[in-house]
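Here the structure is a predicted model, which means the values were calculated and not measured. In what follows, chains carry the letters A, B, and so on, assigned in the order in which the sequence lines appear, proteins first and then strands, with residues in each chain numbered from 1.
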Amino acid sequence: MQSTATYDHDPASTQLLSRTWESPPGVLNWFTHVNHRQIGYRFVVTSLVFFALAGVLALIMRLQLISPENTLLGPDLYNQLFTMHGTTMMFFFAVPAMEGLGIYLAPLMIGTRDMSFPRLNAFGYYVYLIAGIALYTSLFLGMAPAAGWFSYVPLANIAFSEGRGMDFWTTMITFIEISALAAAVELIVTILKQRAPGMTLSRMPLFVWAILVMSFMIVFAMPTVMAGSVLLALDRAFFTQFFVAAGGGDPLLWQHLFWFFGHPEVYIIMVPALGIISSIIATFTQRPIFGYTALVLSLVATGFVSFGLWVHHMFTTGLPHLGLSFFTAASAMIAIPTGVQVFCWIASLWGARIRFATPMLFILGFFAIFVIGGLTGVMVASIPFDSQVHDSYFVVAHLHYVLIGGAVFPFFAGLYYWYPKMTGRLMSERLGRWSFALIFIGTNLTFFPMHQLGFEGMPRRVYTYLADMGWQDLNFAITLAAFVLGTGFLLTLINAVISRSRGDLAGSNPWQAETLEWATTSPPQNYNFRHLPVVSSRTPLWDQPDADRLECVAGLRADRRELLVTTLLEARPQSVLIMPNPSIWPFLLSLAVGFGFLGFMFEPWLFVVGFALSFFMIVGWLWPKKPWLDGEQSYDQSHNQS
Amino acid sequence: MSTTELNDARFVVDATDLSRFHSGSDAPIWWGIVGLVLIEMSVVAAFVISYFYLLMSNPQWPPADYPVPELMLPTVSLVLLLISCVTMYMAGKTLNKGQVTAFVLYTVASVALACVVLVIRWQQFQNFEFSLDQHVYGSLVWTISGFHFLHVVSAAIGTAVVAILGMMGFFSSTQRIGVVVDTLYWNFVALAWIPFYLILYWVPRITHTAGG
């Protein structure tokens with residue numbers, strides 16, 4: 001074998017290398033793609049589709065609330081809409097969007113050619129897609145879940161929510177967590193084991209750190225909600241008594257299981273956003289971020305502390321006071337790492353010549369919106385205050401400020417920032433500014449008055465209200481403002497579509513950024529980097545702006561998919577990993593697993609069928625190709641097919 | 001060695017002679033399985049914590065009229081599972097020395113042990129004197145037992161495939177990462193029985209005595 005091997009340091013091997021890493025074209029082959037950029041791009045695009053769908057649901061709800069005793073929506077449909085809005089935004093937009101950015105960017109930022117388990121990556125995407133389609137099918141059939149995005153029992157249990165809606169929720173939430181967990185594991189492994197030689201942990205880009213922390217949080221938080229939703233599904237299908245007080249169960253257990261996941265979930269969304277912010281601030285000030293070590297430690301601390309906060313969602317459930325005090329203190333403690341980060345960013349911006357392009361505008365918007373959300377957060381962290389405003393529109397205002405400020409603004413900043421890398425073209429700056437202005441104004445006009453509505457006693461999740469409550473003027477204004485906000489988002493979507501073909505050509509590094517994803521063409525070639533880079537600082541492209549002159553790795557084969565494995569801390573070259581080729585098995589497996597989950601809702605024994613089918617798909621996926629004794633090649637190729 | 005001259009000064013790392021084989025923590029798949037085990041451990045922890053939470057919110061545990069669980073068969077299961085960890089360890093050990101036949105035998109023995117455990121567990125399902133829908137105690141016992149049962153089934157099937165591949169001559173002392181990660185998962189499934197065994201069979205005995 002050795003005599004015929006072609007290596008990628010051979011200048012004539014470019015064509016071969018490109019062919020080796022090619023994702024086969026064609027409609028049917030679409031289902032075989034495993035490349036991390038393809039999968040990451042799909043995650044981002046699909047999550048934006050769900051973002052748009054959930055946004056439309058929100059606008060319909062606002063139309064219902066535009067005047068008192070409106071009859072546009074009935075109570076049941078309204079319940080379905082707010083449940084779907086919350087569920088979609090949290091599970092089908094925010095997490096997959098951030099993971100998608102991570103899947104696309106992290107391998108590029110650490111200088112490798114793909115992720116550790118490309119087929120698992122593809123599997124995770126199809127699981128996500130199937131879960132989303134199934135959930136929206138339930139909505140269009142008029143039987144969507146209607147118990148809120150956190151599905152509190154006893155309301156969500158079979159006695160009070162008959163019908164398929166909640167079954168869709170429990171099974172699809174369990175199902176989609178498989179996708180999140182798969183992505184998390186392989187992001188962790190890729191980041192820890194495939195960094196460019198020389199990229200020690202202390203030289204890793206902050207965005208990659210953020211993705212790493214997010215992934216670890218997913219690994220420890222998501223299993224709890226999976227366990228919880230499985231127990232709820234069992235309660236509904238087999239009448240187990242986990243959350244049924246009459247049978248010795250405890251409804252409050254559901255809240256614990258849900259919020260033990262649900263609070264870290266907020267940070268699972270926010271931590272990658274913090275990474276985006278650090279990346280963009282460094283680029284748009286053209287100098288290294290202030291306090292790199294402090295920022296990394298803050299990210300990690302945020303990850304840890306976020307697991308000690310969940311009870312602050314349950315202040316009004318009658319828990320012991322000592323417990324409540326503990327969680328109040330923990331909630332206050334998270335302000336420390338968050339504060340450290342904000343001060344580092346301020347120091348980075350201080351005295352710098354800031355370039356106010358659209359990504360940077362969204363970051364500045366983040367500061368304003370998120371600070372307001374943080375302030376109301378301090379308010380609701382106080383138990384007496386929380387008891388007053390709990391389940392009122394004040395909380396709706398607070399959570400939208402935090403989530404839109406903490407996740408949507410940075411995500412859109414990231415979208416404008418990395419769009420040229422993904423597509424080769426810049427998004428329109430003019431439309432971008434308009435979009436930012438409308439989103440910023442729309443967010444404030446929509447959600448700020450909701451604080452007041454909360455004080456005036458308007459409860460959340462009501463489908464209508466009486467005229468003499470005095471809430472109609474504010475509600476009318478909010479509905480108008482919601483359309484301003486929607487228009488702002490729409491402009492960015494239009495911008496993204498138009499710029500795909502009409503935007504200015506970006507070149508490899510349009511923003512003069514410092515990290516490795518900008519060292520390759522936009523969009524990158526099949527093989528990501530012609531030669532895998534070697535780094536010796538945190539800012540490789542500022543040390544050597546000519547990407548063609550970066551130090552690099554020789555001796556990887558061009559005639560099969562090879563990439564470099566490095567040691568965990570120091571990133572010293574350790575071995576070479578042979579990667580799997582495109583495959584249809586991940587898609588088939590996702591169908592089998594999806595069949596098992598969806599079947600379970602109608603006939604529980606179909607789950608066993610799904611289990612058996614999945615087994616065959618997994619064997620097909622992992623089965624080594626003959627002849628495997630020919631030499632070194634066959635072995636790893638066949639056995640690293642995850 | 002590479003036949004191409006590396007005369008370009010940019011090439012500061014040469015991967016030509018780095019190993020293409022992995023046998024442990026140098027392999028990404030090893031870390032991937034560790035990740036899977038971490039996830040599953042979080043699920044196990046969620047079940048164990050839920051168990052104690054529900055125990056504490058009930059005045060009597062197990063509830064009145066419920067039998068105190070017998071120890072005999074689950075203890076046998078525990079011993080068999082622990083032995084199967086040893087046989088899996090031996091399988092890896094013999095494979096390292098290149099003794100493929102012994103490797104296959106140890107793997108088959110492990111699968112056989114798991115199958116005995118499955119038969120015993122299945123028998124216990126038949127003999128539960130309570131259903132899963134009367135009281136949360138029964139729900140817990142059924143669900144946790146079922147959860148572990150499914151995992152033993154998966155580990156047994158997976159290892160059976162490894163044994164078959166072994167018979168076909170796929171594994172050797174250098175080609176063994178598949179065995180290494182399978183053993184990793186096997187150990188998790190076997191050892192996960194320890195916390196479940198304690199909460200399902202010992203805790204009710206203790207709370208029963210303590211509660212009178």
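- Here the OG atom belonging to B:Ser42 is positioned 12.5 Å from the CD1 atom belonging to A:Ile218, to the nearest 0.5 angstrom.
- In this structure, no portion of A:Phe260 lies under 4.5 Å from any heavy atom of chain B.
- Comparing B:Val161, B:Val43, B:Ile39, B:Asn58 by heavy-atom pairs within less than 4.5 Å of chain A, the highest count is held by B:Ile39.
- Contacts of A:Phe243 with chain B are absent, with no heavy-atom separation under 4.5 Å from either backbone or side chain.
- Residue A:Val219 touches chain B through both its backbone and its side chain, counting heavy-atom pairs closer than 4.5 Å.
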Requested in this report: Please assess B:Leu140 against A:Phe242 for the test side-chain contact (heavy atoms from CB on, under 4.5 Å), listing each intermediate value before the final yes or no.
Outcome: CA-CA 8 Å; B:Leu140 278 166; A:Phe242 292 107; 3.6 Å; yes
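- With rounding to the nearest 0.5 Å, the separation of CG in A:Asp235 from OG in B:Ser139 is 7.0 Å.
- Of the residues listed (A:Thr190, A:Leu192, A:Val189), the one engaging B:Pro28 in a side-chain contact (heavy atoms from CB on, under 4.5 Å) is A:Val189, and it is the only one.
- In this structure, the separation between CG on A:Asp250 and CG on B:Leu55 is 12.5 Å, given to the nearest 0.5 Å.
- B:Phe47 contributes atom CZ, which lies 9.5 Å from atom CG of A:Leu257 (distance to the nearest 0.5 angstrom).
- Of the atoms belonging to A:Leu252, heavy atoms from both backbone and side chain fall under 4.5 Å from chain B.
- Considering only heavy-atom pairs separated by less than 4.5 Å from chain A, the leading option among B:Ser50, B:Ala45, B:Pro63 is B:Ser50.
- Side chains of A:Thr240 and B:Trp142 form no contact here, defined as non-hydrogen atoms less than 4.5 Å apart.
- To the nearest 0.5 angstrom, A:Ile188 atom CD1 is 8.0 Å from B:Leu38 atom CG.
- To the nearest 0.5 angstrom, B:Ser131 atom OG is 8.5 Å from A:Gln241 atom CD.
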Requested in this report: Please assess B:Leu18 against A:Leu564 for the test side-chain contact (heavy atoms from CB on, under 4.5 Å), listing each intermediate value before the final yes or no.
Outcome: CA-CA 9 Å; B:Leu18 286 178; A:Leu564 195 64; 3.5 Å; yes
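- You'll find the side chain of B:Leu54 reaches within 4.5 Å of the side chain of A:Leu253, heavy atoms only.
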